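The structure presented is a predicted model; accordingly, all values stated were derived computationally and were not measured.
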Amino acid sequence: MSEGPDEVVHQSTRLRILAALDAEPDQAPLDFSRLKSVLGTTDGNLGAHLGTLEKAGYVSVDKQAVGKRTRTLVAITAAGRTAFLSHLAFLKSIVDQSRIGGR
């Protein structure tokens with residue numbers, strides 16, 4: 001059984017962010033606007049959650065100047081992928097236990 005939930009990953013928006021980033025081929029970065037669209041969240045909400053994930057070392061955030069605008073690219077890190085997959089294993093263990101206990 002998995003050790004337990006990762007409290008950084010466990011929050012639903014952060015879990016969805018990591019899932020979206022992990023689904024990208026070769027864990028390619030996603031543009032902030034695209035990620036915001038996929039998640040259906042606001043700039044501020046997404047920015048706050050990305051800050052938490054970045055502080056934990058689970059995502060990298062790269063800001064690039066494009067003309068007068070800034071383009072923000074977000075990618076899952078190796079540590080983030082490990083944390084995400086470990087958390088999925090933890091969730092699966094809960095489901096598996098409930099199936100065993102319910103019979």
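Here the options are Leu53, Leu50, Leu46, the test is side-chain contact (heavy atoms from CB on, under 4.5 Å), and the partner is Val74; only Leu50 passes. Here the options are Thr42, Thr41, Asp43, the test is side chain to side chain donor-acceptor pair (under 3.5 Å), and the partner is Lys36; only Asp43 passes.
Between Val61 and Phe32 there is no side-chain heavy-atom pair separated by less than 4.5 Å. At least one side-chain heavy atom of Ile17 sits under 4.5 Å from a side-chain heavy atom of Leu35. The closest side-chain heavy-atom distance from Leu88 to Lys92 is not below 4.5 Å. Counting heavy atoms from C-beta outward, Tyr58 and Asp6 have side chains that approach closer than 4.5 Å.
The hydrophobic clustering, which links ILVMFWY residues whose side-chain heavy atoms are closer than 4.5 Å, places Ile76 and Leu73 apart. Side-chain heavy atoms closer than 4.5 Å link hydrophobic residues (I, L, V, M, F, W, Y) into clusters, and following such links, possibly through other members, connects Leu15 to Leu18.
Leu30 approaches Ala20 most closely through the heavy-atom pair CD1-O, 4.2 Å. Considering every non-hydrogen atom in both Gly57 and Ala79, the closest pair reads O-CB, 3.8 Å. In terms of heavy-atom proximity, Val38 sits nearest to Arg16 at O-NH2, 4.3 Å. Heavy atoms only, all atoms of each residue included: Ala83 and Val9 are closest at CB-CG2, 4.0 Å.
Here the side chain of Thr82 pairs a donor or acceptor atom with the backbone of Ala78 at under 3.5 angstrom. Between the side chain of Thr70 and the backbone N or O of Lys63 there is no donor-acceptor pair closer than 3.5 Å.
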For ring-ring contact (aromatic ring centres under 6.0 Å, His included), just list the numbers for Phe90 and His87, CA-CA rounded to whole Å, side-chain angles, deciding distance to a tenth of an Å, and then say yes or no. CA-CA 5 Å; Phe90 166 73; His87 193 73; 5.8 Å; yes

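For Arg71, the side-chain hydrogen bond (donor to acceptor under 3.5 Å, both in side chains) test picks out Asp31, with sequence neighbours left out.
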